[in-house]
Number of protein chains: 2
Amino acid sequence: MADVARRAEVGKQTVSNALNNPELLRPETLARVKAAIEELGYRPHTAARSLRRRESRTIGFALERSVAGRSNAVNDRFLHALAAAAGYRLLVFSVDSREQEIERYDELLGEQAVDAFVLDRTGIDDPRHRWLHDRSVPFAAFGRSWSDEDFGDWVDVDGAAGIEAATEHMVAAGHRKIGLLGWPAGSGTGDDRTEGWRRTMKRHGLPVRGLTAAAANRPDAARRAASALLDQGVTAIVAVSDALALGCYDALRERGQRPGADVAVTGFDDSPFAELLDPPLTSVEQPLEGAAAECVRMLVERIADPRRPYGQRLLTPRLVVRDSSGPTAAGA
Amino acid sequence: MADVARRAEVGKQTVSNALNNPELLRPETLARVKAAIEELGYRPHTAARSLRRRESRTIGFALERSVAGRSNAVNDRFLHALAAAAGYRLLVFSVDSREQEIERYDELLGEQAVDAFVLDRTGIDDPRHRWLHDRSVPFAAFGRSWSDEDFGDWVDVDGAAGIEAATEHMVAAGHRKIGLLGWPAGSGTGDDRTEGWRRTMKRHGLPVRGLTAAAANRPDAARRAASALLDQGVTAIVAVSDALALGCYDALRERGQRPGADVAVTGFDDSPFAELLDPPLTSVEQPLEGAAAECVRMLVERIADPRRPYGQRLLTPRLVVRDSSGPTAAGA
DNA sequence: ACGCTTGATTGGATCGATCCAAGCACGATT
DNA sequence: AATCGTGCTTGGATCGATCCAATCAAGCGT
């Protein structure tokens, strides 16, 4: 910095102002300083700046060990968008469990290596929210806070609205007997999505009784559950995950039928394999980039004003229509 | 730190030594300092340490924008393992192109925010290697350096060995006419994998002529290519990607045949959906954790001794056997 | 008992950028 | 023309940990 100051024939403080409060400088001086910075390729030293400012301008994000069976590809786009957060760096650390995650929070905060955290995969009565709240650490969660005391800012995808879009799509294609393939009751996410189907059916005066089945994301269980729905004579199945939709494919093939042609099928998540299937799977795409951007926005606002009330935001996902849900209306 | 020193009744330098050169302290003093650190919950300030030591102990990793069609789930496990690198932090930043990636390198190095980089998805004549090499920036690549001048340390998965394992598995099950479903020639990775099949077939004195087909990772192209192989009367197909294996599934079903039962199929990458398929897909699993660990190991060694010769390492992947490749030997 | 060596401990200077308060120049006002 | 005020610029102190050189205590041999 001293070199830049000398070259621009100003004091070092003026260089600092040129970077942090450019409006304080006379345009002419500012230009001279900027030129010197450019010529010398000067960049402020991160550590020195953090030390003096008492902030790291870094966001921490915990990467949990991949859980088998649970789709992790979701993280990928989200992470990319998070990393693109303007003005902040992203420090990624890995944890094997919830408890370890909080331990690492403690470490990183103690070392002042991060200013805030972004949380992922929130659970029921997630201990992280309270821990961070109690210490007034800024954080934003991707995934709603499933506890009664609604600590913290969060963004989530409106699963009900996503399934609603899928169901509407089926209705518009002429289907009337539309089954829902869900997860066993009790998971907040799954119940939320199921509710989207139920309310859409009711709005259209369509039947819901006996038209739901549930299974975990395993191929055999999903196939059996889908089979049970087909036994009810449904002409369309809305699944709450792509893995479950895959079970529908299997169940249909078992009967010599074809997804899309004989029975319409939709999934959820728009996994990478959705477009690789035959027929390609219609699925609900999560707005991960939007969610990441919203997390960062909330974080920035919270850092600016730590006392503002907590905010929440639901993002509406988008239905990606492919061949598995049509093109022919099967309900004629 | 001053507080800790006061509490332990020593000078601040002694506290520093307790952390960085514990062997310099009398055991008794060390214990007293450690106790004080514990009681006060003291943690060294990252920025201050970086400033003085002139190193950040942070590794940079560029996350490229997800390319549609290309599996990104691979990154997930790799990233987790990278983040677990002992003694180093992981700074993730996002880039949209190769050129932008180098720009960001320049920025981060200028700010002294990172000490080294880990590279991913290396390409032919990758510009990053030379750029980093010219500036003597420590780096390690996941993916071999495909250029003649072999700049840089790298680790890669031995694709040929992986396909070899898959092919051997087929041979052991009694198959003799084993087809290879590859990518169009010209991709280093694809050609390497194809070579693994060829050499295994030759070693066993099995035919290779007319038993290869190629397609990109798109469902229709893959299905047609797989169909061509089936026309040749193969009893087993080794595919160089899971997406291509999916094409085999489709081609078989078109003929009323079943993967695993009628014709054996294997894929590559062990994508999350491999075990969701019906039948579950036998696939070659990449040792991503090992690759990440090896990258970090190489990086640490290079930082310790910047002049040591560049090193390379090939890791052998593991075949995950599921139902698509058996259980019945079809070659009888 | 004394000096000497070894080993642990101490205070002071330093890394690079920012904050603070004081200084200077310039233009406007009377 | 002198004074005042505003706005830009300046040097000095500071953030927290580490490096350096000097000091101090203890242990050993003579």
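Letters A, B, ... are given to chains in the order of the sequence lines, protein chains preceding strands, and every chain is numbered from 1.
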For [X], check salt bridge (charged side-chain N to carboxylate O under 4.0 Å, His left out) against everything at least two apart and list the hits.
{"X": "B:D305", "answer": "none"}
{"X": "A:R104", "answer": "A:E107"}
{"X": "B:D158", "answer": "none"}
{"X": "B:E28", "answer": "B:R32"}

**Request:** Could you list all the salt bridge (Lys or Arg N to Asp or Glu O under 4.0 Å) pairs where at least one residue sits in residues 290-304 of chain A, not counting sequence neighbours?
**Result:**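 Counting only pairs at least two positions apart or across chains, the salt bridge (Lys or Arg N to Asp or Glu O under 4.0 Å) contacts touching residues 290-304 of chain A are A:D153-A:R302, A:E294-A:R297, A:E294-A:R313, A:R297-A:E301, A:E301-A:R308.
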
**Message:** Salt bridge check, A:R43 against B:E111: does any charged N sit closer than 4.0 Å to a carboxylate O?
**Reply:** no

**Message:** Holding to side-chain hydrogen bond (donor to acceptor under 3.5 Å, both in side chains), I want the full list of residues that pass it with A:R7, two or more places apart in sequence or in another chain.
**Reply:** A:E39

**Request:** Quick one: list whatever passes side-chain hydrogen bond (donor to acceptor under 3.5 Å, both in side chains) with A:S145, sequence neighbours left out.
**Result:** A:D150

**Fill in**
Within residues 11-23 of chain B, those residues having any heavy atom closer than 4.0 Å to DNA chain C are B:G11, B:K12, B:Q13, B:T14

**Item:** For DNA chain C, the residues among residues 40-56 of chain B that have a non-hydrogen atom under 4.0 Å from it
**Value:** B:L51, B:R52, B:R54

**Message:** Parallel, tilted or perpendicular, judged at 30° and 60°: which one describes the rings of B:F61 and B:F78?
**Reply:**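 Tilted.
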
**Message:** Once you measure the plane-to-plane angle for A:F117 and A:F93, does it fall in the parallel (<30°), tilted (30-60°) or perpendicular (>60°) bin?
**Reply:** perpendicular

**Message:** For chain B and DNA chain D, what are the first and last nucleotides along the strand, 5' to 3', with at least one atom under 4.0 angstrom from a heavy atom of the protein chain?
**Reply:** D:dG16 to D:dC20

Can you tell me if [X] uses its side chain to pair, donor with acceptor, with the backbone of [Y] under 3.5 Å?
{"X": "B:S50", "Y": "A:A47", "value": "no"}
{"X": "B:D270", "Y": "B:E285", "value": "no"}
{"X": "A:E38", "Y": "A:K34", "value": "no"}

**Message:** Under 6.0 Å from the ring centre and within 45 degrees of the ring axis: does the NZ or CZ of B:R130 meet both conditions for the six-membered ring of B:F151?
**Reply:** no

**Rounded distance (nearest 0.5 Å) linking atom CG of A:D3 with atom CD1 of A:I37** = 12.0 Å

**Message:** So for the helix from C:dA1-D:dT30 to C:dT30-D:dA1, with five pairs setting each end axis, what is the inter-axis angle to 10°?
**Reply:** 50°

Interface polar pairs with nucleotides 22-28 of chain C, N/O, under 3.5 angstrom:
none

